[in-house]
Amino acid sequence: MTNTSAQMEANQIQENDNAAPVPTENNASPERPMKHPLEHEWTFWFFENNKSKAWLDNLHEVYTFNTIEDFWCLYNHIRNVEDLTPGNDYMVFKHGIEPKWEDSRNHRGGRWLINVDSRNKHRLNEMWLNVILFMIGESFDEYSDQICGAFINIRAKVDRISLWTTDASKINETEAIGRKLKYECLHLDDQRIPYETHSDSQSKSGSKARSTMVC
């Protein structure tokens, strides 16, 4: 997916959303169907992995939604994750937070990491959708204000889903988020998932990032 195609998808979504409603049988003034608002606005991003471009030039803001209907309109118009080529990423973040660790809402935080065998694309797509719905539906309950967004990284051997939080120093909240993600959202009873702070994963020493917690 190129930047042009990503923008075309976003434009098509907007056109569909603005389409005129079907007239009613009694010719009364038609009304738009009721939409169900979300607690926050969320922005969908796409990373295209064009090696001739800088990282930021590969990052594309596709569409911002604030109702569950607009989310499904978006989701049904984009490629499933199993159709993406290795190196490409999807991200869903609260509107106003960019999906990079340098953002002021991210840099003191970290991420819960879930690795998925790249041969199991159907399972990957299911897990990714569950994470999005759990996140935008505020199913992290009182810890939802700690959520920044989520990544999915498509790679040749091991794909990765990560859930980003805003403040790694809030250990109790971060651990509670990890437990909800593992047991209630993804049902990974037999898989351990680590948490890494952004400061560790972006260390200039070149050493492997250290997991500060494991759930």
Is there a chain of hydrophobic side chains (I, L, V, M, F, W, Y, each step under 4.5 Å between heavy atoms) that links [X] to [Y]?
X	Y	result
Val214	Tyr183	no
Tyr195	Val158	no
Leu113	Val131	no
Trp45	Trp55	yes

Quick check for you: to the nearest 0.5 Å, what is the distance between [X] atom [atom1] and [Y] atom [atom2]?
X	Y	atom1	atom2	result
Phe93	Met135	CZ	CE	8.0 Å
Asn130	Glu184	CG	CD	12.5 Å
Glu126	Lys121	CD	NZ	15.0 Å
Arg111	Leu163	CZ	CG	11.5 Å

Sub-3.5 Å donor-acceptor pair from the side chain of [X] to the main-chain atoms of [Y], do we have one?
X	Y	value
Asn120	Arg123	yes
Glu69	His36	yes
Asp117	Arg119	yes
Lys182	Cys215	yes
Thr197	Ala168	no
Asp141	Tyr143	no
Lys180	Cys185	no
Asn106	Glu98	yes
Ser118	Asp159	yes
Trp112	Thr174	yes

How are the rings of His198 and Trp164 set relative to one another: parallel (under 30°), tilted (30 to 60°) or perpendicular (over 60°)? tilted
What are the two closest non-hydrogen atoms of [X] and [Y], and how far apart are they?
X	Y	value
Pro86	Ala156	CB-N, 3.9 Å
Asn115	Gln191	O-NE2, 3.3 Å
Cys148	Trp42	O-CZ3, 4.1 Å
Leu181	Phe140	N-CE2, 4.0 Å
Arg105	Ile97	NH2-CA, 3.8 Å
Ile193	Gly178	CD1-O, 4.0 Å

[X] vs [Y] side-chain heavy atoms within contact, under 4.5 Å:
X	Y	answer
Phe151	Phe47	no
Asn88	Arg155	no
Phe71	Ile136	yes
Ser162	Ile114	no
Thr165	Ile177	yes
Ile161	Met127	yes
Met91	Thr43	no
Glu138	His40	yes

Begin from the C-alpha positions of Ile154 and Val81 and carry the test side chain to side chain contact (heavy atoms under 4.5 Å, CB included) through to its verdict. CA-CA 8 Å; Ile154 305 302; Val81 295; 4.2 Å; yes
Which of these, Tyr63, Tyr90, Phe65, sits in a ring-ring contact (aromatic ring centres under 6.0 Å, His included) with Phe44? Tyr90
Decide if atom CD1 of Ile171 counts as having more than 12 heavy atoms of other residues, nucleotides or ligands within a radius under 6.0 Å. no
Is the number of heavy atoms from other residues, nucleotides or ligands under 6.0 Å of Arg108 CZ greater than 12? no
Run the side chain to side chain donor-acceptor pair (under 3.5 Å) test on His60 and Glu48 for me, step by step, so that the C-alpha distance in whole Å, both residues' side-chain angles and the decisive distance to 0.1 Å come before the verdict. CA-CA 8 Å; His60 306 293; Glu48 67 173 312; 2.7 Å; yes
For Leu59 and Phe46, what are the C-alpha separation, side-chain angles and deciding distance, and is it a side chain to side chain contact (heavy atoms under 4.5 Å, CB included)? CA-CA 6 Å; Leu59 184 63; Phe46 172 67; over 6 Å; no
In sequence, state the C-alpha distance, the side-chain angles, and the governing distance for Lys170 and Gln146, and then conclude on side chain to side chain contact (heavy atoms under 4.5 Å, CB included). CA-CA 9 Å; Lys170 295 185 175 181; Gln146 289 291 308; 3.4 Å; yes
Does a donor on one side chain sit under 3.5 Å from an acceptor on the other, for Asp89 and Asn153? yes
